Amino acid sequence: MRLVLLGAPGVGKGTQAKLINKKFNIPHISTGDILRNEVQEQSELGKKVKKILDSGELVPDKTILEIVNKRLVRPDCKNGFILDGFPRTIPQAKGLQSQLNNEGHLSLKVIEIFIPEDEIILRLTSRRICANCGKVYNIIFNPPPEDGCCTKCGGNIILRDDDREDTIKNRLSVYRKQTEPLISFYQKKDIFFQVNGQQSVEMVFSDIEKILLNM
Ligand code: AP5
């Protein structure tokens, strides 16, 4: 099962990817998590991309393709993977396709999760994450403990640097310009499905599961 979860910031890609990972036991590859990890570790790459992440712009295609191509050849991807937040541009989608062709994997499915923009802004301004392990909370839909410590690792629960309203609006504008064209790119290839993300987490997962079980 080779799956791309597509959708604007905050539609629930990460939340659903974790559930798919648990149910189908295939790795969840989030380019956002990989980049945030580099920033946290203050690596050379992390120092280079921090400003880009904080502004809501996209990291250059070449950098992203290098990261993903390296990740996809690891042994745990042999039976499939879930890509969350990648591809985000047409050159990234073409890069992924040629990587899959090289590896002899042709079957890719793309699921777009969609919700209205006012709901996106609500979900992202109320999202909180653990600064240490990245576990995701939401002060409205999935509240963190009152002591502000992560239930998984005890780390501090914080607002993500790019979850401020002006940055969210820029991320949405970047999505419309650079990522939305991927919808018609994949629709043409007949591997594309859409799921309504404005339902409970369980209902969204149930819709995704039906698509995956019919693959
Ligand atoms: P990335 O981390 O990929 O961010 P994103 O795409 O903006 O997605 P989010 O993580 O914000 O949202 P999500 O859809 O995963 O939603 P979640 O499940 O958390 O990228 C960050 C940055 O890295 C980019 O801006 C860019 O700079 C860079 N980058 C990454 N990939 C790149 C690439 N390929 N190319 C170039 N640059 C790249 O849910 C959101 C909230 O809603 C949570 O609080 C959750 O609890 C809640 N929630 C989820 N589902 C529901 C539901 N059904 N009902 C109610 N609440 C829900």
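Count residues from 1 along the sequence. Please read these numbers as outputs of a predicted model, since none were measured by experiment. Read the numbers this way: they start at 1 and go in the same order the structure lists the ligands and their atoms.
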* Just need the protein heavy atom nearest to atom 3 (O) of ligand 1, so name the residue and atom and give the distance. => Arg88 NH1, 3.1 Å
* Asked: For ligand 1, which atoms have a heavy atom of Pro9 less than 4.0 angstrom away?
  -> 5 (P), 7 (O), 8 (O)
* Gly10 to ligand 1, any heavy atom closer than 4.0 Å -> yes
* Just by distance, with hydrogens left out, do Thr167 and Asp162 show a side-chain donor and acceptor under 3.5 Å apart? -> no
* Structure fact -> In ligand 1, the atoms that come under 4.0 Å of a heavy atom of Gln92 are 33 (C), 34 (N), 35 (N), 36 (C)
* **Test side-chain contact (heavy atoms from CB on, under 4.5 Å) applied to Val4 and Phe86, step by step** => CA-CA 7 Å; Val4 167; Phe86 173 90; over 6 Å; no
* Stepwise side-chain contact (heavy atoms from CB on, under 4.5 Å) check, Leu213 with Phe24 -> CA-CA 10 Å; Leu213 292 173; Phe24 295 95; 3.9 Å; yes
* Structure fact -> Per-atom filter on ligand 1: closer than 4.0 angstrom to a heavy atom of Phe141 are 55 (C), 56 (N)
* Asked: Roughly how far, to the nearest 0.5 Å, is CD of Gln16 from CG of Leu5?
  -> 8.0 Å
* Structure fact -> Within the 4.0 Å heavy-atom cut-off, what Gln198 brings close to ligand 1 is neither
* **Ala17 versus Ile82, closest heavy-atom pair with distance** => O-CD1, 3.6 Å
* Structure fact -> Heavy-atom proximity to atom 54 (N) of ligand 1 ranks first, among Lys51, Arg123, Glu57, for Arg123
* Are any of the side-chain heavy atoms of Thr125 and Asp163 separated by less than 4.5 Å? -> no
* Please write down residue, atom name and distance for the protein heavy atom closest to atom 28 (C) of ligand 1. => Leu35 CD1, 3.6 Å
* To do: Mark the output for Gln16 as yes if a heavy-atom distance to ligand 1 is under 4.0 Å, and as no if none is.
  => no
* Nitrogen or oxygen atoms of Asp162 and ligand 1 under 3.5 Å apart -> no
* To do: Measure Ile64 to ligand 1 on non-hydrogen atoms and call it side chain, backbone, both or neither using the 4.0 Å cut-off.
  => side chain
* Quick one: nearest non-hydrogen protein atom to atom 31 (N) of ligand 1, plus distance? -> Thr31 OG1, 2.8 Å
* Structure fact -> Ranked by distance from atom 15 (O) of ligand 1, the top protein heavy atom is Gly14 N, 2.8 Å
* Asked: How does the hydrophobic cluster around Leu58 look, that is, which other residues are in it when side-chain heavy atoms under 4.5 Å mark a link?
  -> Val174
* Asked: Taking the non-hydrogen atoms of Tyr175, is any one of them nearer than 4.0 angstrom to ligand 1?
  -> no
* Nearest neighbour of atom 11 (O) of ligand 1 from the list Glu119, Lys50, Arg171, on a heavy-atom basis -> Arg171
* Any N/O of Arg128 closer than 3.5 Å to an N/O of ligand 1? -> no
* Asked: For ligand 1, which atoms sit closer than 4.0 Å to a heavy atom of Val201?
  -> 50 (N), 51 (C), 52 (C), 53 (N)
* Determine, for Phe185 and Lys189, whether the Lys NZ or Arg CZ falls below 6.0 Å from the six-membered ring centre while staying within 45 degrees of the axis. => yes
* Asked: Which residue and non-hydrogen atom of the protein lie closest to atom 9 (P) of ligand 1, and at what distance in Å?
  -> Arg127 NH1, 3.4 Å
* **Lys/Arg-Asp/Glu bridge criterion (N-O < 4.0 Å) met for Asp166, Lys169** => no
* Structure fact -> heavy-atom search around atom 49 (C) of ligand 1 in the protein gives Thr15 OG1, 3.4 Å
* Structure fact -> Closest heavy-atom pair, Arg123 versus Asn138, reported as atoms and distance to 0.1 Å, is O-ND2, 3.1 Å
* For atom 16 (O) of ligand 1, find the nearest protein heavy atom and state the residue, atom name and distance (0.1 Å precision). => Gly12 N, 3.3 Å
* Identity and distance of the protein heavy atom lying nearest atom 4 (O) of ligand 1 -> Arg160 NH2, 3.3 Å
* Does Gly7 reach ligand 1 with a nitrogen or oxygen that is under 3.5 Å from one of the ligand's nitrogen or oxygen atoms? -> no
* **Element-labelled atoms of ligand 1 that are located less than 4.0 Å from some non-hydrogen atom of Ser200** => 53 (N)
* Asked: Can you find a non-hydrogen atom of Gln199 under 4.0 Å from ligand 1?
  -> yes
* Can you list the residues that meet the side chain to side chain contact (heavy atoms under 4.5 Å, CB included) rule with Asn79, with sequence neighbours excluded? -> none
* Ile129 with Leu35, same ILVMFWY side-chain cluster at under 4.5 Å -> no
* State the atoms of ligand 1, each with its element, that fall below the 4.0 Å cut-off from a heavy-atom position in Val136. => 43 (C), 44 (O), 46 (O)
* **Tyr137: numbered ligand 1 atoms lying under 4.0 Å from its heavy atoms** => 44 (O)
* Asked: Gln40 and Asn132: side-chain donor and acceptor closer than 3.5 Å?
  -> no
* Asked: Can you tell me if NZ on Lys18 sees more than 12 non-hydrogen neighbours from other groups inside 6.0 Å?
  -> yes
* Could you tell me whether Arg176 and Glu117 have a side-chain N and a carboxylate O separated by less than 4.0 Å? => yes
